[in-house]
Amino acid sequence: MRKLEASIAAIAYIEKHLSDEKIDLDTVSKAVHYSKYHLHRIFSDTVQLTIHDYVQRRQLTEAAKLLVFSEKPILDIALLAGYDSQQAFSYVFKAMYKQPPLEFRKSEVFYPLQLEYDFKDQPVAIGVSKTNPQRQICYATEIDIPAWIDLARLCVDGFPYLDEVEHIAALKGYIENDGALLMFEGNTVIGSMLINDETGSIDFLAVHPLHRKRGVTRDFLDAALSELIENKEISITTFRQGDKADTGYRKAIKELGFAEADLLREFGYPTQRMVLSREDLTG
């Protein structure tokens, strides 16, 4: 069983048993017939999350859905999400969703922390290469919207409060202004970016989980600076330092040379603006 196949098998088991009393590395590794050590390494390397983090984020997402769309008592939801008490559930839920469960329920607004990773029929990513001849960046068209949304769902962990209907409406505006870019590797969409060439702001940046740490973001930035952005500065917003909901987005952005700037609140969520000068990227 190859790495991707092992990860797909683990995800399938997790999704089938999300409401089980106990689902952890031990149970998953036994189910897919892998040692704990090898499955942990394979899964983390493939999807950039540990099994513990993936399970926790998926269970909290399903719990958030029940809070908004059902009348189940919070204690029952906590138990379904794998917690021994409402207090323990509330502590973790607030750390991830920035609201306690009761307040989240009263808001009547659901958004997913983590959707199921669906990697079926995905080709295995090849090595890192800025000059990869199979990698192309193209302007998105309305024909590309379904593929764009499929990628956004895979990357929803990086976009708190993402509303698909609102996002599609905004996407169409960026498409009209040549501000929506897609990156393909062969026939597979591996990245998407919304960019405002007047302000230099990257308003959306998604990279397929199987292709993270493979130079996709760097290739996007190179294209943006060489073809689209005339300003000396490029900016993007991300999670604030210490946010437990961050699966590594802030670290990845800082590794590209972005510096901390303003603290913001977007759609009620605490974020931070990060900036990068053209000299920092090209120098």
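- Checked by atom type and distance alone, the side chain of Ser29 pairs as donor or acceptor with a backbone atom of Asp26 at under 3.5 Å.
- Between atom CZ of residue Arg135 and atom OG1 of residue Thr188 there is a gap of 11.5 Å, rounded to the nearest 0.5 Å.
- What you find for Lys98 and Pro270 is that their closest heavy atoms are CG-CD, 4.2 Å.
- Between Ala10 and Leu39, the closest heavy-atom pair is CB-CD1, 4.3 Å.
- Looking at Arg265, its side chain does come within 3.5 Å of a backbone N or O of Gly268 through a donor-acceptor pair.
- Here the side chain of Arg214 pairs a donor or acceptor atom with the backbone of Leu210 at under 3.5 angstrom.
- A donor-acceptor contact shorter than 3.5 Å is absent between the side chain of Thr27 and the backbone of Ile23.
- Under the 4.5 Å side-chain contact rule for hydrophobic residues, Val68 and Leu60 share a cluster.
- One hydrophobic cluster, built from ILVMFWY side chains closer than 4.5 Å, cannot hold both Ile234 and Leu264; they sit in different ones.
- Here the side chains of Leu205 and Thr217 are in contact, with some heavy-atom distance below 4.5 Å.
- The shortest distance between side-chain heavy atoms of Trp148 and Val189 does not fall below 4.5 Å.
- Between Tyr269 and Phe267, the ring centre distance reaches or exceeds 6.0 Å.
- Between the side chain of Tyr97 and the main chain of Tyr111, a donor-acceptor pair closer than 3.5 Å is present.
- Glu15 places a side-chain heavy atom less than 4.5 Å from the side chain of Tyr54.
- Grouping the Ile, Leu, Val, Met, Phe, Trp and Tyr side chains by contacts below 4.5 angstrom, directly or via other members, places Leu263 apart from Val275.
- Considering every non-hydrogen atom in both Leu113 and Ala245, the closest pair reads CD1-CB, 4.2 Å.
- Annotation: side chain of Pro209 is in contact with side chain of Cys155 (closest heavy-atom distance under 4.5 Å).
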Q | Derivation and outcome, side-chain hydrogen bond (donor to acceptor under 3.5 Å, both in side chains), residues Thr61 and Gln114 | A | CA-CA 6 Å; Thr61 294; Gln114 180 77 52; over 6 Å; no
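- Between the side chain of Asp246 and the backbone N or O of Gly242, no donor-acceptor pair lies under 3.5 Å.
- Inter-residue side-chain proximity for Phe204 and Ile202 is flagged as unmet; no heavy-atom pair is nearer than 4.5 Å.
- The closest donor-acceptor contact from the side chain of Gln272 to the backbone of Thr237 lies at 3.5 Å or more, if one exists at all.
- Screening Leu171, Leu181, Asn177, Ile175 for a side chain to side chain contact (heavy atoms under 4.5 Å, CB included) involving Leu194 leaves a single residue, Leu171.
- Side-chain contact check for Arg273 versus Glu260: every heavy-atom pair is 4.5 Å or farther apart.
- In terms of heavy-atom proximity, Ser70 sits nearest to Arg105 at O-NH2, 3.2 Å.
- In this model, no donor atom of one side chain and acceptor atom of the other lie less than 3.5 Å apart for Asn196 and Ser201.
- Residues Ile253 and Ile236 have side chains in contact (heavy-atom distance under 4.5 Å, counting atoms from C-beta outward).
- Panel note: side chain Asp144, backbone Thr141; a donor-acceptor pair is recorded below 3.5 Å.
- Of the N and O atoms on the side chains of Tyr117 and Arg153, not one donor lies less than 3.5 Å from an acceptor on the other residue.
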